[in-house]
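Report on the following structure.
Chain letters run A, B, ... following the sequence lines, proteins first, then strands; residues in each count from 1. These values consider heavy atoms only, across backbone and side chains, with no hydrogens, waters or symmetry-generated copies.
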Amino acid sequence: MKIYLDNAATTKVDEEVINAMIPYFKEKYANASSQHLEGSEAKQILEKSRKIIANALNSKPEEIYFTSGGTESNNWALKGLFEKNYPNKNHIITTKIEHDATLQTCKYLEKKGAKISYLNVDSEGFINLKELEEAITPKTFLVSIMHANNEIGTVQDLESIGKICKDKKIIFHSDAAQSFTKEKLDVKKQNLDLVSINSHKINGPKGVGALYIRSSIEIEPLIHGGGHEKGKRSGTENIPGIVGFAKAIEIIKEKDLRKMKELRNKLIEEILIKIPNTKLNGSKERRLVNNANISFKDVEGEAIGGYLENKGIFVSTGSACMSNTLKASHVLKSIGLTDLEQNSSIRFSLSKYTTEKEIEKVLEVLPEIIKKLRRLSPLVK
Amino acid sequence: MALEYSKKVLKEFLQPKNFGEMKGAHGTGEVGSPACGDIMQMQIKVERDKIKEIKFKTFGCAAAIASTSIITQMVKGKDLNYAKNLTMKEVAEKLKGLPQIKMHCSSMGIQTLRKAIKDYEEKLQKRTEKKN
């Protein structure tokens, strides 16, 4: 039995999504820019899909621009706005716990003359709104703060951040790659100017995402070419991908979210009860419905992951040894975990396919694994 | 696991040999720190310049656990001289290869062993000095 609990990394594509995509590979493969009938059919489905995505964000369809995914959307938002605003304004405010797609883009922009403020977060991963306000300078043109964190699942209060940005007339971008369709996203209510979203975290295909850009916002394109997406994002539209993306949104059910949350709670609660010296990372209340990130004292994360894998259970670690770069997690560090705790963490991320039986299997094998690894640990005397 | 481990590494990782602690060890070595992510400990008992008993404990990834497990098996019953001269390459070969990025795990294991032997030799030296 394979138990896949790494859905924050990526998800299985839903059968309905695959079926919706197939005709756009096999029969309706025309280029949406072509003037013939086949082309105009492609254009129609493109615009229909755009509407579905706009609906999910409460935006206008013409404010949705298709991209290759979350990383491109974040790159475009930051670089495109920097180019439009620099050298007049050069200051960006972000957080220490953003995804690398944002952080590495910020590092790049620093070399180009940008000044970046990286906001701290508290022990649960929340930014401090006062610190945000204080960071704003006359040179600030952008606040970029992720909606939900990919490692610890903490969901920021976008509405309050949006209010501050609106008052100070600063552009507000949010990376919603993890939260899209799982948490409430309303660009009007939350005063969002740009939002990065993607398809493969919601049982849609990989290689497709979008950037919502409020119609009043001026931005330079990242990708130049044939003038697709109103000249803002060139490249032949990925129609099958876009159709799949829209279908993935259409089939999301409230009950799936509820089920994920219930199973997530069961997983967290029982691990904390059954296994001594364990600790939940992130917020208990305001966390993504499918995320559980737990530190197991004195045991190394990759070792836990390896033992789980041996039982057919696939998870992710924030540990130093897991990633091929041997780099510790900047997120776990930012919420104040010690070096040891950072190296002792496991992220379980659920999907709508996760069953109670699977969670019970994890709860059955995990205590034994931790017991064995603690017997192996020189930290346990 | 993200990295491609040999079957031998996985076996030593999942079913390590000689792990735990011993009472009355003649020498103990510990290497590593929480910051670098791996901590290894080895204890030995020596008789007639041979490693009679050896135990290890490791906080670390699959490669770290497998390296320490295989090292203890390679040196158990062997001369101290052999143990001291064990190389990273020999350990990696015995494990049927280690990913390049994990080679430091075998190196750390060897350092831990050498530290345990050094600890034994220093204690022996002190005892000899006392006698004289």
- [ ] Report, by ascending residue number, the residues of residues 370-381 of chain A in heavy-atom contact with chain B at a distance under 4.5 Å; give 'none' if the set is empty.
- [x] A:K372, A:L373, A:R375, A:L376, A:S377, A:P378, A:L379, A:V380, A:K381
Task: Heavy atoms from other residues, nucleotides or ligands near NZ of A:K333 exceed 12 (cutoff 6.0 Å) - done: no
TODO: Of all the heavy-atom pairs spanning A:A303 and B:G60, show the shortest one and how long it is.
DONE: CB-O, 3.3 Å
Open item on the list: Nearest 0.5 Å, please: how far is CG in B:D38 from CD in A:E300?
Closed with: 6.5 Å
- [ ] Select, from A:D298, A:L340, A:T338, the one with the greatest count of heavy-atom pairs under 4.5 Å involving chain B.
- [x] A:L340
Open item on the list: Tell me whether A:Y108 at atom OH has more than 12 heavy atoms from other residues, nucleotides or ligands lying less than 6.0 Å away.
Closed with: no
- [ ] Step through the shown structure and confirm whether more than 12 heavy atoms of other residues, nucleotides or ligands are within 6.0 Å of NZ on B:K123.
- [x] yes
- [ ] Mark yes when over 12 heavy atoms from residues, nucleotides or ligands other than A:K206 sit less than 6.0 Å from its NZ; otherwise mark no.
- [x] yes
Task: Minimum heavy-atom distance between A:E302 and B:C61, given as atom pair plus value - done: OE1-CB, 3.3 Å
- [ ] Take atom NZ of A:K266 as the centre, draw a 6.0 Å sphere, and report whether it contains more than 12 heavy atoms from other residues, nucleotides or ligands.
- [x] yes
- [ ] Kindly give the heavy-atom pair with the smallest separation between B:F13 and A:Y307, and that separation in Å.
- [x] O-OH, 2.6 Å
Open item on the list: Other residues, nucleotides and ligands only: do more than 12 of their heavy atoms fall within 6.0 Å of NZ on A:K274?
Closed with: yes
Open item on the list: At a 4.5 Å cut-off on heavy atoms, which part of B:I65 comes close to chain A: side chain, backbone, both, or neither?
Closed with: side chain
Open item on the list: Within the 4.5 Å heavy-atom criterion, are A:N343 and B:F59 side-chain neighbours or not?
Closed with: yes
